[in-house]
Protein chains: 2
Amino acid sequence: MASIREVAEEAGFAPATVSRYLNGHIKLKPSTQKKIEDAIDKLGYRGNGLARRLATGKSETLGFVTTDISYPFFASIASAAEREATRLGYALAVFNTRNDIMREMQILSYLQTRQLDGVIIMTNHTQTEDLATQITNDSHVVILDEDIPGAVGPRVFAENRQGGRLAARHFLENGHRSFAVISGPRGLISVEERIEGFKEELSVHGLSLPSDMIFSGPYSEETGGLGVDHFRNSPDRPTAMFATADNLCLGAIREANAANLKIPDDLSIIGFDDIPNADLLAPPLTTIRQGTAELGAESVRLMLGRLRGEIDPSVTTRIPVTLIERQSVRRMD
Amino acid sequence: MASIREVAEEAGFAPATVSRYLNGHIKLKPSTQKKIEDAIDKLGYRGNGLARRLATGKSETLGFVTTDISYPFFASIASAAEREATRLGYALAVFNTRNDIMREMQILSYLQTRQLDGVIIMTNHTQTEDLATQITNDSHVVILDEDIPGAVGPRVFAENRQGGRLAARHFLENGHRSFAVISGPRGLISVEERIEGFKEELSVHGLSLPSDMIFSGPYSEETGGLGVDHFRNSPDRPTAMFATADNLCLGAIREANAANLKIPDDLSIIGFDDIPNADLLAPPLTTIRQGTAELGAESVRLMLGRLRGEIDPSVTTRIPVTLIERQSVRRMD
DNA sequence: ATGGCATAGTAAACCGGTTTAGTTTTGTTT
DNA sequence: AAACAAAACTAAACCGGTTTACTATGCCAT
């Protein structure tokens, strides 16, 4: 790889001149421009991003942190974020952390060394104190989809509470009267807000959700299966089950199949996320759709706004949700 | 951020000493070690990866290029690659290209500037001349899942041909005699080898696949739907359809539902990939599983082997495939 | 001719590490 | 006590850009 000094020598000028010309900091007379351009062509000069970053302190790359890129919902958001970042002249590097705080901290530390200009972080656990302090110290982080309590920075969340309400309303409209919830870990915003919304809507109709009708666990398919198992053997078996994420539904469906429990005939379920191909499941899944395109794109826009200092760190954008009716809820009567 | 010079000054030694100590190039007497460690703690020194990379020419980061991170099969491979890379002391940055050659070229160019030590590339189109030359020039690329003809570098592919054979054999064992194929773009190795294997197995049993029973298009769900449409109206309607990727099946199932065509009763299908949750589709999809964990991990291992110069650029690793029997193939008779 | 002012271009320091070649200190032999 | 080797540590160059502060040149008006 040719360096800028080689180009400068070939063209007969100083490295500083070439650098400033290339960055548009200076105007040169046409003959000089030509000589520099020719030298660049001749040597195949491409510039060294690393050196530029070291010198300028900017990387023009954003990091996107996710716990599990193989969960389609997260992958969709990442994909949308990449699109928006590219459109705005940034590269997006996606990092998979498998819910490992150390990995998350490591990626955040890339900020300090300016290997990344900003980090959009989607995390998934409740032990977030260390993360919170590190994020607050650094003003280049956007929090996406799941909260990191105590951290200062712009946030992008779905209308979780509204999602919970929509689910409850749909169950009610279909004549259900006994409810259960399967959720991810208590304490997560996606869990608490969605459950709150669900309860709110029930209470509007004079109904309630006993706390023993909430089954929680890690956000894994297994939890969904365990939940079905749990409620199947419970004294008052619910007819309607709201899951705070579609992957819980996947486990639930799998377990229901194994237990010969028919969905929706024996048990109705509503999920959350609307993962790709939720329409092709057996049964097609009724679920609360979060707009992945908006979540991804908005997080990038907030990130760049933040980098330019145009955005207040305390903003929280809420992305609307919609109920997608399919066939996992039985009409009671 | 504290620099190594500040640490050195605080500790009362030279920057070179600190650097060499930290890299284990030198042994220091305990008292010196202690002073340096104390200075590091006191200043919160973390090192600057950018500067280290510029100086050493190594980034300890691998790039993973995929056309569409939101396709679960690709996401699974990326996830496995990340795991293996982390295990071996490397970071993995995933890049989404949406099949845009310019983006792919851009990421490959990060190699020249040593922003990435190596790139694992999973591409998906047939116009690959420019890519091929750039890859050949650079010896830090591993080609994964889909070939880039003409490029020199280690490759990791599934046993595509064997997959095609397994699909055909399964159809034959279930009594099918009229076949069709829906495929991605002709020219891709995943298309050609799988079709070849399928034909081979048929010919062993004295059967053949007329060329007008192959429907090709981009690797999108839409193509799957169009394929179903196409064969539904064809004079000799096939009973068995082999799709060279599961996402084609997703489109096919969707279209079949819309056209009130029952799978597997009216049409049997076998897919390829075994995307996550293929077991929960309606119907549960019989498909050829490619081991995503092996594909991802092996590509990383080959990459590191290549970086160390231990691996011949012409090696091609083949990852075994297995047929996963579910319920999308009807037993005829 | 002279002053004033763009315009064109550059030297040198800097970003924050690593590495080479070498110097100084310490310890062991004889 | 001198000679020598080993151990401990460092100066300075380097990676490849950017940026600041400055000089040299040309042009015009007076």
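Quick note on labels: first sequence line is chain A, next is B, and so on, each numbered from 1. Atom set for the values below is all heavy atoms of this structure, side chains included, hydrogens, waters and symmetry mates excluded.
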B/R53 and B/E60 ion-paired at < 4.0 Å: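 Judged by the 4.0 Å cut-off on N to carboxylate O distance, B/R53 and B/E60 do not form a salt bridge.
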So, OP1 or OP2 of [N]: does either fall under 4.0 Å of a side-chain N or O from [X]?
X     : N      : result
A/H25 : D/dT19 : yes
B/N48 : C/dC15 : no
A/Y45 : D/dG16 : no
B/S19 : C/dT18 : yes

[Y] side chain reached by [X] side chain, heavy atoms, under 4.5 Å:
X      : Y      : answer
A/F64  : A/M122 : yes
B/L131 : B/L108 : yes
A/V18  : A/L22  : yes

Could you state the atom-to-atom distance from [atom1] of [X] to [atom2] of [N] in whole Å?
X      : N      : atom1 : atom2 : result
A/R46  : D/dG17 : CZ    : C1'   : 16 Å
B/Y21  : D/dT10 : OH    : P     : 14 Å
B/K58  : D/dG16 : NZ    : C1'   : 18 Å
A/Q112 : C/dC15 : CD    : P     : 18 Å
A/L22  : D/dT19 : CG    : P     : 12 Å
B/I4   : C/dC15 : CD1   : C1'   : 14 Å
B/K35  : D/dA8  : NZ    : P     : 13 Å
B/R53  : C/dT19 : CZ    : C1'   : 19 Å

Sugar-phosphate, base or nothing in reach of [X], heavy atoms under 4.0 Å:
X     : result
B/G57 : nothing
A/A2  : sugar-phosphate
B/G49 : nothing

Angle between terminal axes - the helix from C/dA1-D/dT30 to C/dT30-D/dA1, 5 pairs each end, rounded to 10°: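 Between the first-five-pair axis and the last-five-pair axis there is 50°.
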A/L54 side-chain proximity, nearest of D/dT18, C/dG17, C/dG16: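 Nearest to the side chain of A/L54 among the choices is C/dG16.
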B/S/- contact track for nucleotides 8-13 of chain C, protein heavy atom under 4.0 Å: SBBBB-
Polar contact flag, side-chain donor to acceptor under 3.5 angstrom, A/N48-B/T113: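 No.
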Distance-only donor-acceptor check, side chains A/Y21 and A/E37, under 3.5 Å: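 Short answer, yes.
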A/E6 side chain to A/S3 backbone, donor-acceptor under 3.5 Å: yes
Heavy-atom donor-acceptor pair, B/S76 side chain to B/P72 backbone, under 3.5 Å: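 A pair under 3.5 Å: yes.
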Between CG on residue A/D147 and OG1 on residue A/T316, distance to nearest 0.5 Å: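 Answer for the CG-OG1 pair, A/D147 versus A/T316, is 7.5 Å.
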Partner residues of B/A55 under the side chain to side chain contact (heavy atoms under 4.5 Å, CB included) criterion, sequence neighbours left out: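 Per chain and number, B/A55 pairs via side chain to side chain contact (heavy atoms under 4.5 Å, CB included) with no residue.
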